[in-house]
Amino acid sequence: MRIATWNVNSLNVRLPHVLDWLRENPVEVLALQETKLVDAKFPVEALRAAGYEAIYAGQSAYNGVAVLSRLPISAVRTGLPGFEDPQQRVLACTIGPLRLVNLYVPNGQAVGSDKYAYKLAWLAQLRDYLQTELANHPQLAVVGDFNIAPEDRDVHDPAAWAGQVLCSEPERAALGALLDLGLRDSLRLHEAAGGIYSWWDYRMQAFRRKRGLRIDLILVSPALAERCVESRVDAIPRGWERPSDHAPVIAGFAPLDGV
DNA sequence: ATGGTCGTCTCACGA
């Protein structure tokens, strides 16, 4: 089973890329962030024709998360329990033996800003939620745009980014608290090298200059980590015409235990 | 050269 996550920065604009990518990479599950679509405008039919069922939690203009799956989806929930929020950033579901939590973590704008405080509060609530999900679902994957580069090897210029939003110590500590639950960063199960990124700013020709950050992650529970045989970023779509600023991340698993 | 680009609810804001 292969799963993937991709911040598409408007599914309205990026639907052709998603369909093209799925033709080449027919993963069982694709989690999307920043769909920026109200639910009434979600392209259910185009995705069904491509072989994918969809669930989605959208809003106008900002945020929005969705899960596409070749297999039936059940036990759907949106949002963080105990955290009232009109921003659509969390979508959890069960697909066969897999429990999936799809996240669009707040960006945080700048260290010290109101949005940064919201990000840290959100991440603290997320930790409690994931503790519960992990207790209920041993085969748990937590995927999405985390808007945090875990370590300096995930940053093209760590000195320039030191202390900045996406790299600050409180953000990394909040991510560390998720890892302390027992979740593992799947890419690091297989790859120790730096220079692997999933997001490149649209400005300054950052992609051409290889100036990126790895902020899109697939975290896996211990039972999934044992079965994880592959995890990588597919940077190719970032080079397509009119791309998202993020690339898809893929993880592959040996057959999972049935539910 | 202290910006530079995208997407959207577009002359402003969020990322």
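All values derive from a computational prediction rather than experimental measurement. Lettering of chains follows the sequences in order, A, B, ..., and the numbering in each one begins at 1.
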- Message: If I take atom CH2 in residue W199(A) and atom C1' in nucleotide dG7(B), what distance separates them, rounded to the nearest angstrom?
- Response: 15 Å

- Query: What's the OH-P distance between Y202(A) and dT5(B), to the nearest Å?
  - Reply: 13 Å

- Message: Let's see if you can work this out: which of dT8(B), dC9(B), dG4(B) has an atom nearest to the side-chain heavy atoms of S60(A)?
- Response: dC9(B)

- Query: Are E169(A) and R172(A) within salt-bridge range, i.e. N to O under 4.0 Å?
  - Reply: no

- Task: Taking only Lys NZ, Arg NE, NH1 and NH2, and the carboxylate oxygens of Asp or Glu, determine whether R89(A) and D145(A) approach each other closer than 4.0 Å.
- Result: no

- Query: Under 4.0 Å between a side-chain N or O of R14(A) and OP1 or OP2 of dG7(B)?
  - Reply: yes

- Task: May I ask you to say what F207(A) touches in the nucleic acid, namely base, sugar-phosphate or nothing, with a heavy-atom cut-off under 4.0 Å?
- Result: nothing

- Message: Does a side-chain N or O of S10(A) approach OP1 or OP2 of dC6(B) to a distance below 4.0 Å, or not?
- Response: no

- Electrostatic pair R99(A):E133(A) at N-O distance under 4.0 angstrom: yes

- With respect to the phosphate group of dG7(B), does any side-chain polar atom (N or O) of R242(A) fall under 4.0 Å of OP1 or OP2? yes

- For L166(A) and dG14(B), what is the distance between atoms CG and C1' respectively, to the nearest whole Å? 13 Å

- Message: Nearest to the N12(A) side chain among dT8(B), dA15(B), dG4(B), which nucleotide is it?
- Response: dT8(B)

